[in-house]
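Written below as structure tokens is the structure these notes are about.
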Amino acid sequence: MNQSMSETILPTSFFQRSTELVAQELLGKLIFSTLDNAYIVVRIVETEAYGDEHDAASHAAFGKKKRNDAMFGPVGHTYVYLSYGIHFCLNIVARESGVTSGGVLIRAVEPLKGLQTIHKRRGSVEGFNLTNGPGKVGQALGLGLAHNHIPLFCQNSPLTVTTDPHCSSSSIIKSTRIGISRNVHAPWRFYLKDNQWVTPKR
DNA sequence: CACCCGATTATCT
DNA sequence: GATAATCGGGTGT
């Protein structure tokens, strides 16, 4: 058991709703990781929704392939992909019933526990740069392709997502997604207002 | 099969 | 601001 009594693991029904809604509702939730014998807790502060074949910016836009098959699989599972040949990025599969595919990219988190391990994995990086980007999140959590297709709703899973009873509610800012060239106008990026851990502007 | 480029980041200048 | 690192999919030959 990773989490204490007051934190509740999100059930599969949480992820069985529209990808955009789940992306917003995941803000403020906690990710518990026991991967690689390390105990890490982070709070989600920035997400992006990626849809089915109708969303040209989504990996699912060209249909189901070996790389992206998790997006077509059961909701509440991980979709981990290799970005730019270097970075492992974490998505949570979410979609309403009747939709073929969809996932929520975890773009940034606020580290709460396991700072020593995160520092070790992130190297010489300091401060907000520890986890204020999707590739940084993957590295901090110790993710690799081996962690694709992992269920997030099981007590004994190395990765779980829970409520955060101690987190005060913050305003959600809605904007366009980062780093894409297609379907650029869809307002499917969400982050907590005034949170220091969101991706900095370039 | 070759070429292009991406849901990125660290490290230069 | 610019660029390298690095790999897998898309596109066209």
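Per chain, numbering begins at 1; letters A, B, ... match sequence-line order.
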- Item | Nearest-nucleotide 5' precedence on DNA chain B, A:Asn129 against A:Ser58 | A:Ser58
- Heavy-atom distance under 4.5 Å between the side chains of A:Arg121 and A:Asp36, does that happen here? yes
- Leading and trailing nucleotides of DNA chain B with any atom under 4.0 Å from heavy atoms of chain A: B:dG6 to B:dA10
- Distance col, row A:Leu105:CG vs A:Tyr50:OH, nearest 0.5 angstrom, shows 6.0 Å
- Query: When we call it a touch if two heavy atoms are under 4.0 Å apart, what does A:Arg122 touch: a base, just sugar-phosphate, or nothing?
  - Reply: sugar-phosphate
- Query: Which part of the nucleic acid does A:Leu105 contact within heavy-atom distance under 4.0 Å: base, sugar-phosphate only, or nothing?
  - Reply: base
- Message: A side-chain contact here means heavy atoms from C-beta on lying under 4.5 Å apart; do A:Ser157 and A:Ile150 qualify?
- Response: yes
- Query: Can you tell me how far P of C:dG8 sits from CG of A:Asp69, to the nearest Å?
  - Reply: 15 Å
- Item | Nearest-0.5 Å distance that lies between atom NZ in A:Lys65 and atom NE2 in A:His59 | 12.5 Å
- Message: What's A:Arg177 touching, base or sugar-phosphate or nothing? Going by heavy atoms closer than 4.0 Å.
- Response: nothing
- Note on the structure: Ranking A:Ile180 and A:Ser124 by the position along DNA chain B of their nearest nucleotide, the one closer to 5' is A:Ile180
- Short side-chain N/O contact to C:dG10 OP1/OP2 from A:Lys65, under 4.0 Å: yes
- Task: Starting at atom NZ of A:Lys64, determine the distance to atom C1' of C:dG9, rounded to an integer number of angstrom.
- Result: 17 Å
- Note on the structure: The residue, A:Lys66 or A:His87, whose nearest nucleotide of DNA chain C is more 5′ is A:His87
- Note on the structure: Contacts of A:Ile86 and A:Leu145 projected onto DNA chain C by closest heavy atom; the upstream (5') one is A:Ile86
- Message: Counting only Watson-Crick pairs (N1-N3 plus N6-O4 or O6-N4) and G-U wobbles (N1-O2, O6-N3), all under 3.5 Å, who is the partner of C:dG8?
- Response: B:dC5
- Query: Heavy atoms under 4.0 Å, any strand shown: does A:Asn91 hit a base, just sugar-phosphate, or nothing?
  - Reply: base
- A:Arg107 side chain vs A:Glu46 backbone, donor-acceptor pair below 3.5 Å: no
- Query: Between A:Arg43 and A:Asp164, does at least one N-O distance fall below 4.0 Å, as a salt bridge requires?
  - Reply: yes
- Can you tell which of A:Arg182, A:Arg177, A:Arg95 makes a salt bridge (Lys or Arg N to Asp or Glu O under 4.0 Å) with A:Asp55? A:Arg177
- Considering only atom C1', compute the distance from C:dG1 to B:dA7 and round it to an integer number of Å. 23 Å
- Tell me what A:Phe62 touches on the nucleic acid: a base, only sugar-phosphate, or nothing, going by heavy atoms under 4.0 Å. sugar-phosphate
